[in-house]
Asker: 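Quick one: this structure, given as structure tokens, is what I'll be asking you about.
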Protein chains: 2
Amino acid sequence: MSSSAIPYRPHNHSACVHQALSDARSVCQRQNARLTPIRERVLELIWQSHKPLGAYDVLAVLAEDGHNAAPPTVYRALDFLQQYGLVHRIASLNAFTGCTHAGEHHTCLFLICRACRTVLELTAPAVSDAVAKASQAEAFTPEETIIEIAGLCPNCSSEPTHE
Amino acid sequence: MSSSAIPYRPHNHSACVHQALSDARSVCQRQNARLTPIRERVLELIWQSHKPLGAYDVLAVLAEDGHNAAPPTVYRALDFLQQYGLVHRIASLNAFTGCTHAGEHHTCLFLICRACRTVLELTAPAVSDAVAKASQAEAFTPEETIIEIAGLCPNCSSEPTHE
DNA sequence: AATGAGATGTTATATTGTTACATCTTTAAA
DNA sequence: TTTAAAGATGTAACAATATAACATCTCATT
Ligand SMILES: [Zn+2]
Ligand SMILES: [Zn+2]
Ligand SMILES: [Zn+2]
Ligand SMILES: [Zn+2]
């Protein structure tokens, strides 16, 4: 049995953030994209934890920053970050999470804890292959695949659900 | 090679609707749930085609019906229908589609055409199994799985994308 | 310095979904 | 058959999420 994935155990999270920002800088540099201060700040906020953040949550923090931002500011930054594979949108939560495979081409899968809201992003070739086969069997040409699994993370499933 | 799935080819769609309503009646009867006129009408509207319908689209048709409905009316009916497995919500579209496996326990997968918006619902055991294994490998307890694949259906991929 | 593309500011609005509470309907018990 | 409880619907207001449209600014290149 492998040990828990990073988001599920105590870790030096500022290292996660630092790594993410550093990766983002190189991804953008390589592609000649401008990681402006706002975009970088939004990315940093999205990475503030392994729990996805809503656009309006980001907006609220920017306001605390003293930045007089309106929704388009945030949505534009998020669009940019998505476009360069730096964040993912979780459709079932209307929220955004930092991509843990920035720069790599990948079809990913999200394990979303309904109790603590922690999200783990995985790449699961077996899943991707099965999806590709299922599509092919229907002569369907897949372009974007969303796989979101809600449930209980190891930490939360070991505790009794408070009810 | 099997022939195209129903939603992808011309077919007697009123038979789809009739079947869906009939299935719904028996599902509800079996579970002692009340398929009231509003609920049945909403289900019928959702089934008006194999393209998902937004809650406010449903609302608009109810208004045309002369029914003076407000959003909660529609959302309640949709909640009911989801609860009894008669419709699914497509998270990536904020829209609803009739379940083609009403009454059966199933984890399904949606093939969503970005051109004609037709949705095909599939059960793909290979995908479900792969998802279950991936979850298990992380000691995650899955409860709800969403798999939505956007792309081009056979009809639309054979035509040139107008651009 | 002039230009143009990209980025941001700003205001307003669209879209999707919920809360809260009143009223009506159905069911089933008294 | 009244009555009470549960379930379903009506209604108004509102919350949450996202976009449109247009003005302005910044920065790299001429
Ligand atoms: Zn971390
Ligand atoms: Zn958890
Ligand atoms: Zn049909
Ligand atoms: Zn199509």
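Chain letters run A, B, ... following the sequence lines, proteins first and then strands; every chain starts at 1. The basis for the numbers below is simple: all heavy atoms, side chains too, and nothing from hydrogens, waters or symmetry mates. Please read all numbers here as calculations on a predicted model, not as lab measurements.
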Asker: So B:Arg76, base contact, sugar-phosphate only, or nothing? Heavy-atom distance under 4.0 Å.
Answerer: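 Counting heavy atoms under 4.0 Å across all strands, the contact made by B:Arg76 includes a base.
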Asker: Is the phosphate of C:dG9 approached by A:Thr73 (side-chain N or O, under 4.0 Å from OP1 or OP2)?
Answerer: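 Looking at the OP1 and OP2 atoms of C:dG9, one of them is under 4.0 Å from a side-chain N or O of A:Thr73.
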Asker: Start at the 5' end of DNA chain D and walk down; is the nucleotide closest to B:Pro71 or to B:Arg39 reached first?
Answerer: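 So the residue in question is B:Arg39.
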Asker: According to a strict under-4.0 Å criterion, is A:Tyr75 in side-chain N/O contact with OP1 or OP2 of D:dA18?
Answerer: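 A:Tyr75 to D:dA18 OP1/OP2: side-chain N or O found under 4.0 Å.
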Asker: Would you say A:Arg34 reaches D:dC27's phosphate, i.e. side-chain N/O to OP1/OP2 under 4.0 Å?
Answerer: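 Answer no for this pair, as no side-chain N or O of A:Arg34 is under 4.0 Å from OP1 or OP2.
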Asker: Where each residue is assigned the nucleotide of DNA chain D containing its nearest heavy atom, which of B:Pro37 and A:Arg89 is assigned the position nearer the 5′ end?
Answerer: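 The residue mapped nearer the 5' terminus is B:Pro37.
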Asker: Check this for me: A:Gln31, atom CD, are more than 12 non-hydrogen atoms of other residues, nucleotides or ligands nearer than 6.0 Å?
Answerer: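 More than 12 heavy atoms, drawn from other residues, nucleotides or ligands, come within 6.0 Å of this atom.
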Asker: Taking 4.0 Å as the cut-off, does a side-chain nitrogen or oxygen of A:Asn68 come that near to OP1 or OP2 on C:dT10?
Answerer: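 For C:dT10, OP1 or OP2 has a side-chain N or O of A:Asn68 closer than 4.0 Å.
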Asker: To the nearest 0.5 Å, what is the distance between CG on A:Leu43 and CG on A:Leu35?
Answerer: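 Interatomic distance, A:Leu43 CG to A:Leu35 CG, rounded to 0.5 Å: 7.0 Å.
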Asker: Could you tell me whether the phosphate oxygens of C:dT8, OP1 or OP2, come under 4.0 Å of any side-chain nitrogen or oxygen in A:His67?
Answerer: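 No.
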Asker: Nearest of C:dT16, D:dA18, D:dA8 to any side-chain atom of B:Asn94?
Answerer: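 Output: C:dT16.
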Asker: Measure from the side chain of B:Pro72, starting at C-beta and using heavy atoms only, and say which of D:dT9, D:dA20, C:dT19 lies closest.
Answerer: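 Side chain of B:Pro72 sits closest to C:dT19.
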Asker: Would you say the side chain of A:Arg41 lies within less than 4.5 Å of the side chain of A:Ile38, judging by non-hydrogen atoms?
Answerer: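 Of all side-chain heavy-atom pairs linking A:Arg41 with A:Ile38, none is under 4.5 Å.
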Asker: How many angstroms lie between atom OG1 of A:Thr100 and atom CH2 of A:Trp47, to the nearest 0.5 angstrom?
Answerer: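 Rounded to the nearest 0.5 Å, the OG1-CH2 separation comes out at 6.0 Å.
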Asker: Please figure out whether B:Asn32 or A:Ala33 has its closest DNA chain C nucleotide nearer the 5' end.
Answerer: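 Between the two, 5'-proximity favours A:Ala33.
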